[in-house]
Amino acid sequence: MNLLEVKNLSVQYGSGQGGVLAVDGVDLSVGVGEFVGLAGESGCGKTTLAMAIPNLLPKYASITTGTIEFEGQDLSNKSESELNEVRWRDISVIFQGALNALNPVATIGNQIAEPILIHEPGTSHDAAITRAKELLEAVGISASRSSSYSHEFSGGMRQRVMIAMALACRPKLVIADEPITALDVMTQAQILELLRSLSETFNLSMLLISHDLSVLAETCDRVQIMYAGKVAEVGTADDVFGEQNSAHPYTQRLLKSYPNIHQERKFIDGIPGYPPDLSKSHAGCRFAERCTVSVEKCFTDEPELAVISELHRSACHLVGGSK
Ligand SMILES: Nc1ncnc2c1ncn2[C@@H]1O[C@H](COP(=O)(O)OP(=O)(O)OP(=O)(O)O)[C@@H](O)[C@H]1O
Ligand SMILES: [Mg+2]
């Protein structure tokens with residue numbers, strides 16, 4: 001059994017005419033100890049999908065279809081108090097843009113200890129601080145810094161603190177939404193290395209959201225590419241990113257939109273046009289307008305996720321024939 005099994009999930013912001021269907025019938029699974037990457041252009045629904053899992057969506061968002069099974073239990077219809085049992089202890093989140101989310105007037109040690117004190121009643125303050133110090137050491141910060149404040153830390157160190165906090169209640173799944181975007185490449189590499197090694201130490205599973213395909217290729221076991229609220233392609237990192245392997249024209253164009261330091265300098269391709277408006281309904285494939293290989297059917301029939309190999313699926317009518 002997978003740790004997380006999301007099926008046919010749809011999430012809508014607002015309702016009626018102005019409603020935005022940000023996630024539309026999406027499946028997502030994360031196995032025990034597995035790292036799954038989520039990628040796709042800005043606005044394709046990555047954060048919405050991720051936040052729907054522990055239901056941290058804003059009030060005016062609603063889950064309109066689907067199930068979110070975590071260890072076999074459906075989270076989509078749980079009450080707030082039941083979800084509070086799951087958050088932090090089973091599933092923790094490193095939020096997008098969280099680098100500045102630390103409390104400026106509380107010491108780092110107290111901030112890491114806080115979720116432990118809230119979610120593990122009966123733990124003494126001293127025991128929580130001891131664990132906070134161990135967590136700081138685990139993320140490569142000396143325990144002696146636990147009485148420092150966030151402004152005394154660099155961006156990379158603050159991100160390590162956020163990771164320590166996410167691990168405070170020994171969760172099984174960490175959802176990390178762009179955890180390294182604001183950092184320089186050296187620090188990014190260190191943080192990724194850290195996440196990988198912590199996953200072994202703490203037996204973690206991870207849902208990692210990143211715009212950076214090379215980060216996902218290096219870090220993740222499987223990768224899911226989203227486009228306009230739908231899954232375009234999913235498979236092992238090699239299925240999706242391997243040369244000649246990626247099966248969806250959108251993934252192929254995304255890959256071409258990334259600079260490759262080993263190749264001759266040239267202008268990056270980019271993908272002309274914009275994703276469709278998610279407040280409108282769509283016929284056919286959502287990428288058809290921007291796709292260079294689309295055929296008539298692509299504008300009328302919505303493609304299903306077709307099986308390519310064991311773990312590889314692609315939602316394209318031209319699967320395999322579009323390279
Ligand atoms: N709080 C909100 N209220 C209304 N619409 C929202 C809200 N958050 C997101 N949306 C809309 O839902 C869609 C998906 O947004 P989401 O933030 O999930 O995308 P994303 O893939 O995480 O993008 P990014 O890469 O920029 O973080 C977008 O069209 C966005 O405009
Ligand atoms: Mg986002």
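Atoms within a ligand are numbered from 1 in the order they appear, just like the ligands themselves. Just so it is clear, the model here is predicted, and its values are computed rather than measured.
Taking backbone and side-chain atoms together, Thr47 has an N/O/S atom less than 2.8 Å away from the Mg ion (ligand 2). The Mg ion (ligand 2) does not have Thr48 among its coordinating residues (no N/O/S atom, backbone or side chain, under 2.8 Å).
Between Arg286 and Asp24 there is a salt bridge, with a side-chain nitrogen of the basic residue lying less than 4.0 Å from a carboxylate oxygen of the acidic one.
Among Thr181, Asp177, Leu38, Thr47, the residue whose heavy atom lies nearest to atom 17 (O) of ligand 1 is Thr47. Atom 13 (C) of ligand 1 has its nearest heavy-atom neighbour, among Gly19, Gly43, Gly18, Cys44, in Gly43.
Under a cut-off of 6.0 angstrom, the local environment of CD in Glu289 is sparse, with at most 12 non-hydrogen atoms contributed by other residues, nucleotides or ligands. Counted within 6.0 Å of CZ on Phe202, heavy atoms from surrounding residues, nucleotides or ligands total more than 12; the atom is thus considered enclosed.
Within 4.0 Å of atom 30 (C) of ligand 1, not a single protein heavy atom is present.
Looking at atom 10 (N) of ligand 1, its nearest protein heavy atom turns out to be Tyr13 CE1, 3.4 Å. The nearest protein atom to atom 25 (O) of ligand 1, hydrogens excluded, is given as Lys46 NZ, 2.7 Å; this is a heavy-atom distance.
Donor-acceptor pairing under 3.5 Å is recorded for the side chains of Lys78 and Gln73. Side-chain N/O atoms of Ser124 and Asp126 include no donor and acceptor closer than 3.5 Å.
Looking at Met226 against ligand 1, nothing comes within 4.0 Å, counting heavy atoms.
Those atoms of ligand 1 that come under 4.0 Å of a heavy atom in Ala22, given as number and element, are 12 (O), 13 (C), 14 (C).
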